[in-house]
Structure formats: C-alpha cells, structure tokens
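Protein chains get the first letters and strands the later ones, always in sequence-line order, with residue 1 at the start of each.
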2 protein chains.
Amino acid sequence: MILLDENSKYKELLNREGIKSTRHRNAILELLEESEFPLTAEQLFITLRDKTASIDLSTVYRTLDTFASKNLIVKSNRADDGKALYELNHNEHKHHLLCVGCHKLISIDDCPIGELMQTLKNKIDFDITGHKLEIYGYCHDCKKYNHTLSSDT
Amino acid sequence: MILLDENSKYKELLNREGIKSTRHRNAILELLEESEFPLTAEQLFITLRDKTASIDLSTVYRTLDTFASKNLIVKSNRADDGKALYELNHNEHKHHLLCVGCHKLISIDDCPIGELMQTLKNKIDFDITGHKLEIYGYCHDCKKYNHTLSSDT
DNA sequence: AATGCAAATGCAAGGCAGTTGCAAGTAGTG
DNA sequence: CACTACTTGCAACTGCCTTGCATTTGCATT
C-alpha cells in the first residue's frame, strides 16, 4: 500500500548493475541520497527499522558492501572511532571539515588540492589514483568555547 | 641481564610525562622510534613477544593509549582495514603515499598543502587545527602491472 | 497467473580489534 | 627496606562487523 513507484525508484540503476531491486536496497539508497552526510551502518539500520519494515543489521552491511563493490557508494572510516561511513558516490570529489568540538561534519564542495595532485603526479614516481583529505578544527559554534578553554593539543 | 642502560633510554622522557619507566614502555618507544612507518598494536605485540620477554596485548593497547594521551605518539586509522596505526609524534608534519597494489607506505616529507591550509583558514568560518592527507595510487613496482591490467576506477 | 532458480534476507553464531576488572607485580619515594 | 600508586597479565567481555544456513523474494519464463 505504499509507494510502489517510489520503491522502485532505483530499479533501473540496480538492474543495470546486475543486482536485484529490493525494498531494502531502495530504502538504503534513498536514505543515502537524502542525507547530506555519510552515514554509519547503524544509523541506516535504526532509521530503516523504524521507518519501513524491519531489517536486519547484517542485511544493511551486506547491502552496503554490495553497493560499494559496484561503486554506487563510497565507504570510509571516521578518524576518531572505528566506525565505517557510507555515502552515495556522486563521482564528485568532496572533502569535509570535522569539528573536533562537536563532531559535526561540514562539506566543502571544491577540492582545494586538485591541481596540486596534478603537480605532484609529475614530481614523484607514484601513480596517484586518488586522495583523501580530512581537515580538523573547531566550527563556528565551538570556536567560542574553544577560545576560552583551549590550551593543549 | 640485558641492556639496563638501553632499557631506561626513555626514562627521563617518561618521568617528565608523569608516568613510570618500564621495560615494556621503553621497548615500545624504541620500536616506534626504529620504525620508519606507523605500526599496528598487533605488530608491536608480536615483535615484543618474540624479542623481549612476553607482553600482553592489553598492555600494548594500554601503553599506546597512555602515550597517545601524552602526545608522545599519534594514532591513526588505516583506510582499508579497521586497524589503528601508531607512530612516534615527531611533531613534524608528514603524509604518506599508500600503494593500493602492494599496500606499501611511502613517506613524503614536505606537506604539499601547508600553505593552502593557511589560505583556507581565512576563507572559511572554521578554526583549522590540523589535517590529514592520504594519497592513494600505485608505487613504482606496482605501476607496471597496473598498466597492463587496469581499466576501471 | 504459476513455476523455477539464483539472489537476497533474517537469524543466530562467530570473528576480530580493542577494552575492562581484578589480583599480582614493580617503579619510584622516603 | 618498606610503602603506595601505578603497571601488568590474565581472562572475560564489548562492539563492529561477518558468515553459514534455511527461508523468502525478485524476476525471467511458461
């Protein structure tokens, strides 16, 4: 009785990749698409469990693995804890600012080092295929506190 | 009966940080100092178990945590697997090239984006305190194979 | 619409990196 | 040397993630 259309929003995409279109896969893709930021498997699991019908955590992981192997999504690792993050592969290059105060993640759209990588490619004996840049610091809100507190690190 | 001198090589340093100088702590610092690259807790554990007297894995982890909290070492996360890496904090800024072919890690000494961070600091409402850059690709040795095989990504 | 089959899923158990509680050992102090 | 607080080993445990297996489901074919 719900959104049959909606549910198969990604059918073509999935079939094109040679995998079946299922309720869970569609839901996961949808969540990732809606989210501004990378999500953990657990976040997806909880949202899905509440929102749609129940889903098993292992299904979430397997689905994410499948998507990652098809390059539909990108898996990365958060720096501080060991949790993996998943986001849609927009095939656009993107970096984030990670606030060490409140752990907020802020996207920056243009890659500040794109051309630098080009230059570097020519200087070193190494075939650069990609890079990951994480920038740490304090966001607008945390700045204030930090200025009154900070000392070490 | 061994290297009493050697063993207390880091005594001063440790005491200065307010922690006791022990056989294990000295040994771990020594290994990290000798190593050109970040090591996992497990690598340290195995080396130490064979080399000096036996050590418990939990001691390795606790020691590494202690060192990290004193900023003697730096903990980071390898991108592909979930293992944490530890290296001496040289207080020098350093980046690595990670070969996705053979997983070799190559150091690059100068930070290619230092001044870029400076520029960025002024452009955005975010107090940058640090950054991490990982560059992926194929090293000299893996390049050859890659050229004959590669296609995607 | 019914059938068949491979792929997808749920469930429960397992694996692995890292953590914790506690008793025993040890460094540093007087 | 004795004392105390910090360290360590040991074993059990946690949390994230994976796997084996029986069941279900998507989808192509009849």
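Considering only side-chain N and O atoms, B:K83 lies under 4.0 angstrom from the phosphate OP1 or OP2 of C:dA17. Put simply, A:K11 has a side-chain N or O that comes within less than 4.0 Å of OP1 or OP2 on D:dC27. A close approach under 4.0 Å does occur between a side-chain nitrogen or oxygen of A:T59 and OP1 or OP2 of C:dG10. Residue A:H24 places at least one side-chain N or O under 4.0 Å from the OP1 or OP2 atom of C:dG10. Neither OP1 nor OP2 of C:dA27 sits under 4.0 Å from any side-chain N or O of B:R23.
Aromatic rings from A:H95 and A:H131 are positioned such that their centres are separated by under 6.0 Å.
The 12-atom threshold is exceeded at CD of B:E34, counting heavy atoms of other residues, nucleotides or ligands nearer than 6.0 Å. The number of heavy-atom neighbours closer than 6.0 Å to CD of A:E12, taken from other residues, nucleotides and ligands shown, is 12 or below.
For B:Q43 (side chain) and B:T40 (main-chain N/O), a donor-acceptor pair under 3.5 Å exists by modelled atom type.
Place B:T63 and A:Y61 on DNA chain D by their nearest nucleotides, and B:T63 ends up nearer the 5' end. Mapping B:T40 and B:N15 onto DNA chain C via the closest heavy atom, the residue that lands nearer the 5' end is B:T40.
Across all strands shown, B:S58 has heavy atoms under 4.0 Å from base atoms, whether or not it also approaches the sugar-phosphate. At the heavy-atom level, B:L57 lies nowhere under 4.0 Å from the strands shown.
With D:dA5, C:dA17, C:dG10 as the candidates, the nucleotide lying closest to the side chain of B:E42 is C:dA17.
With both pairing distances under 3.5 Å, C:dG18 is matched to D:dC13 as a Watson-Crick or G-U wobble pair.
The base of D:dC6 does not come close enough to the side chain of B:T22 for any donor and acceptor atom to sit less than 3.5 Å apart. Side-chain to base pairing of B:R62 with D:dG9: one donor and one acceptor N or O lie within less than 3.5 Å of each other.
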